[in-house]
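Below: the structure, in structure tokens.
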There are 2 protein chains.
Amino acid sequence: MTKELTERQKLLLTLIVHEHSRTALPVASNALVRQYSLPMSSATVRNEMTALTEMGYLRQPHTSAGRVPTEEGYRYLVSHLLNPTTLPATTRNTISHQFYQSPQGLDQWLPLAASVLASHSQAASIVTAPHSERATFKHLELIATRATQVLMVLVLVGGEIRQAFLSLDTPVSQEALSQVAARFNDLCRSATLETLDKLPVPSDSLDQQVLRAIRDQLSQVGKLVTGEVYLDGLTNVLAEPEFAEMDMARSALRVLEERPLLNDLISRTIMTEKVGGVQVLIGGEGTWEELRDCSVILTRYGVPDLLTGTLGVLGPMRISYGRTISTIRFVAGLLTDLVSQTMVD
Amino acid sequence: MTKELTERQKLLLTLIVHEHSRTALPVASNALVRQYSLPMSSATVRNEMTALTEMGYLRQPHTSAGRVPTEEGYRYLVSHLLNPTTLPATTRNTISHQFYQSPQGLDQWLPLAASVLASHSQAASIVTAPHSERATFKHLELIATRATQVLMVLVLVGGEIRQAFLSLDTPVSQEALSQVAARFNDLCRSATLETLDKLPVPSDSLDQQVLRAIRDQLSQVGKLVTGEVYLDGLTNVLAEPEFAEMDMARSALRVLEERPLLNDLISRTIMTEKVGGVQVLIGGEGTWEELRDCSVILTRYGVPDLLTGTLGVLGPMRISYGRTISTIRFVAGLLTDLVSQTMVD
DNA sequence: ATTAGCACTCTCATGCCGAGAGTGCTAATT
DNA sequence: AATTAGCACTCTCGGCATGAGAGTGCTAAT
């Protein structure tokens with residue numbers, strides 16, 4: 001059913017999408033032939049347009065308006081007509097420079113990635129901090145603060161750092177704490193949650209408490225509930241003409257702001273249109289009422305099974321898929337490099 | 001010049017502000033007497049209204065509309081007419097419960113604070129992570145990752161944790177690293193940036209590198225450039241009728257999104273109307289073009305000189321100052337408690 | 001000092017009109 | 001059989017007039 005498109009129809013669909021993405025207006029047959037100096041008349045274009053409309057790829061807002069791509073139209077484009085473009089070398093350089101000139105660690109790179117994505121796609125960007133899917137013990141540190149308060153710092157394989165506070169019954173010296181930590185570091189080398197369960201229950205009360213705390217921390221890893229989501233360019237979305245009526249804009253941005261929704265969106269990494277690992281979610285796909293006029297483009301980065309995060313973009317449905325996908329893929333590549341370089345294993 | 005207000009005028013100003021805050025519309029003399037069963041006629045109210053208008057506290061959008069408070073009006077209200085209200089006990093309990101039932105540490109509390117502020121004020125909220133103004137060394141940890149890669153974890157007095165990566169020329173064992181760390185922990189106890197400068201330059205190359213890294217980290221503290229700003233409720237702002245024209249909304253939200261602007265806003269903790277430590281910035285105060293129709297209410301929390309952050313709210317100018325200020329003050333109090341309880345000193 | 005009453009002003013919703021844009025269809029052309 | 005010129009038709013959009021309604025300011029009476 002989808003293979004009925006002639007070459008000319010494919011061309012026209014592409015051009016209409018492109019033009020609509022430029023102007024945000026319905027595309028007229030006349031404007032098309034003029035803009036792209038097509039070797040045919042507007043009447044021919046109109047004929048093809050009716051064909052494409054009947055196939056469900058185009059839509060006209062009202063009887064006497066131009067055509068606008070439908071969700072189906074975009075899907076067809078993304079899955080059949082998108083030639084894998086590469087970013088121009090100069091852009092690539094500009095971007096990578098920004099990353100490599102401030103080699104300060106993840107907490108700098110992630111917001112930077114969000115900012116780069118936002119400015120290059122003129123849309124809202126989403127970047128989540130990388131997490132290890134299986135939490136593995138790397139290093140423990142116990143630091144005395146006040147009499148019975150202990151700061152516990154836990155480093156996981158991958159480099160994730162988690163901290164927690166312990167309240168003891170009786171004061172313990174820093175020396176004693178360091179010894180306990182040293183023992184655990186020895187005992188728990190590369191331990192996962194399962195390994196920990198096999199350890200004998202320690203007799204000492206402090207040891208028990210530490211072990212429990214470690215287990216708590218490990219079990220929390222992977223739950224995306226932490227505040228580690230970087231957003232940027234939210235106001236870009238507001239600038240798009242299709243969000244002139246507030247309600248649209250509001251519901252779109254709500255998706256990014258409300259953690260449950262966002263988590264849902266990210267975790268339900270729907271395989272709608274898969275292009276080299278980049279997921280394209282067009283117009284809410286029926287499930288996402290709030291995203292009716294939006295598209296979300298996501299991909300993963302990092303080292304599979306060890307330390308991975310998600311990054312992507314939310315924009316109007318007429319976002320430039322080609323360019324955006326390339327940008328996302330490129331930034332994801334950069335982050336993957338940086339993560340694997342600085343990863344703790 | 002400001003003391004000319006009669007008691008009745010004060011009452012009317014208060015009521016007008018209150019009514020306008022409810023409806024977001026110009027307030028009519030008629031509506032006022034009806035709504036509040038005033039013991040006077042609408043004509044009297046009109047007379048007072050013209051008086052207040054001449055004094056610059058009210059404004060009428062056009063000849064035949066009701067009155068709207070001016071910036072000056074709000075300022076007068078905030079600095080003269082706001083009786084220090086307390087939050088109802090039930091709200092206080094609801095809020096504190098949320099904090100104390102998930103005692104997971106700052107990274108949980110800060111987004112929670114942002115969320116609470118946003119939902120209780122129906123505006124956008126801002127919470128910055130607390131920083132120590134003077135960075136003081138507490139504890140150092142060096143962890144071997146790969147051959148020549150070292151993860152450095154630095155704990156500051158106050159509890160702030162900073163991490164960095166060192167690249168060594170030659171591989172060093174974890175044992176050796178631990179010894180180096182132990183030496184520094186001994187040597188740098190409670191050291192500040194100034195104290196560090198007085199230390200003799202170490203002969204060992206590794207020691208040199210570590211010392212440099214510590215100094216780097218310490219000197220970065222206090223710069224608010226880190227990504228540690230929690231925002232919430234941005235879409236609340238979009239819901240307000242005064243932001244029906246996108247541009248207003250956009251420029252308001254841009255202030256929160258663009259770090260330089262936000263930093264500027266927070267650091268220029270302007271003492272416009274100071275109410276028990278809460279700063280009220282009404283209508284951009286001439287300096288902030290983007291905030292012409294907004295008000296920003298901020299306060300600090302934490303332990304002065306040791307670990308302090310900022311929190312507050314951005315909303316439409318007709319935000320309910322009394323309630324919002326109480327809420328902010330209450331949440332700030334909570335955070336202060338939590339911070340000082342878990343602070344590392 | 002307050003208030004009733006009234007004239008005056010301004011906004012806002014409504015309906016109407018004409019211009020313009022863009023299509024669909026038919027008939028002519030290649 | 002595909003393409004195209006030509007034209008009638010439809011729909012949107014901006015401008016304009018109109019009338020109702022809301023709210024004020026002022027004057028005169030209490």
Side-chain angles (χ1 to χ4, degrees), chain A residues 4-13 15-20 22-70 73 241-242 244-245, chain B residues 4-13 15-20 22-70 73 241-242 244-245:
Chain A
E4 306 163 2
L5 285 203
T6 67
E7 282 309 311
R8 193 167 66 182
Q9 287 171 335
K10 292 182 186 175
L11 172 67
L12 285 178
L13 181 54
L15 292 185
I16 290 170
V17 167
H18 184 255
E19 192 62 8
H20 178 65
R22 252 186 6 107
T23 63
L25 295 171
V27 181
S29 55
N30 240 321
L32 255 200
V33 300
R34 244 194 312 108
Q35 179 75 22
Y36 298 97
S37 321
L38 294 184
M40 60 193 100
S41 82
S42 65
T44 314
V45 173
R46 278 201 291 281
N47 286 331
E48 298 289 38
M49 275 174 158
T50 42
L52 287 168
T53 307
E54 275 160 11
M55 290 186 257
Y57 297 135
L58 295 182
R59 182 174 60 85
Q60 41 185 336
H62 44 264
T63 329
S64 133
R67 297 305 210 286
V68 165
T70 62
E242 36 263 90
E245 328 97 29
Chain B
E4 306 163 2
L5 285 203
T6 67
E7 283 308 311
R8 193 166 66 182
Q9 286 171 337
K10 292 182 186 173
L11 172 67
L12 285 178
L13 181 54
L15 293 184
I16 290 170
V17 166
H18 184 255
E19 193 61 9
H20 179 64
R22 253 184 8 105
T23 63
L25 296 171
V27 181
S29 55
N30 241 321
L32 255 199
V33 301
R34 245 193 314 106
Q35 178 77 23
Y36 297 97
S37 320
L38 293 185
M40 60 192 102
S41 82
S42 65
T44 313
V45 173
R46 278 201 291 281
N47 286 331
E48 297 289 38
M49 275 174 157
T50 42
L52 287 168
T53 307
E54 275 160 10
M55 289 186 258
Y57 296 135
L58 296 180
R59 184 174 58 85
Q60 38 185 336
H62 44 263
T63 328
S64 135
R67 298 303 211 285
V68 166
T70 62
E242 36 263 272
E245 328 97 31

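Letters A, B, ... are given to chains in the order of the sequence lines, protein chains preceding strands, and every chain is numbered from 1.
As a whole-Å value, the separation of B:E54 CD from D:dT24 P is 15 Å. Distance, A:R8 CZ to D:dT4 C1': 12 Å, rounded to whole Å. If you measure from atom CD of B:E7 to atom P of C:dA1, you get 17 Å, rounded to the nearest angstrom. A straight line from CG of B:L25 to C1' of D:dG23 spans 13 Å, rounded to a whole angstrom. Rounded to whole Å, atom C1' of D:dG23 lies 15 Å from atom CD of B:E19. Between B:L52 atom CG and D:dG25 atom C1' there is a gap of 16 Å when expressed in whole angstrom units. As rounded to whole Å, 11 Å separates atom P of D:dT24 from atom CG of B:N47. Atom CG of B:N30 is separated from atom P of D:dA22 by 10 Å (rounded to the nearest Å).
With a 4.5 Å cut-off on side-chain heavy atoms, A:L38 and A:L12 count as touching. Between B:L52 and B:M55, the closest side-chain pair of non-hydrogen atoms falls below 4.5 Å. Contact of the B:R8 side chain with the B:M40 side chain is registered, since non-hydrogen atoms from C-beta on lie closer than 4.5 Å.
Checking the phosphate oxygens (OP1, OP2) of D:dG6, no side-chain nitrogen or oxygen of A:R46 falls inside 4.0 Å. The shortest distance between the side-chain N/O atoms of A:S29 and the OP1/OP2 oxygens of C:dT23 is below 4.0 Å.
Partner assigned to C:dC12 is D:dG19, using Watson-Crick or G-U wobble distances below 3.5 angstrom. As the counterpart of D:dC7, C:dG24 is assigned, both hydrogen-bonding distances of the Watson-Crick or G-U wobble pattern falling under 3.5 Å. The nucleotide D:dT30 finds its pairing partner in C:dA1, both defining distances of the Watson-Crick or G-U wobble pair being shorter than 3.5 Å.
Checking side-chain atoms of A:T70 against main-chain N and O of A:Y57 turns up a donor-acceptor pair under 3.5 Å.
For the segment residues 58-70 of chain B, the set of residues with a heavy atom within less than 4.0 Å of an atom of DNA chain D comprises B:Q60, B:T63, B:S64, B:A65, B:G66, B:R67, in numerical order.
The shortest non-hydrogen separation linking A:P61 to A:V68 is CG-CG2, 4.1 Å.
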Inset, instruction - Give the C-alpha distance, both sets of side-chain angles, the deciding distance and a yes or no for side chain to side chain donor-acceptor pair (under 3.5 Å) between B:S29 and B:R46. - result: CA-CA 6 Å; B:S29 55; B:R46 278 201 291 281; 3.2 Å; yes
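Within the nucleic acid shown, A:T50 comes within 4.0 Å of sugar-phosphate atoms alone, with no base atom in reach, counting heavy atoms only.
Taking only side-chain atoms of B:M49, from C-beta outward, the nucleotide of C:dT3, D:dT24, C:dG22 with the closest atom is D:dT24.
Atom NE2 of B:H20 has more than 12 neighbouring heavy atoms from other residues, nucleotides or ligands inside a 6.0 Å radius.
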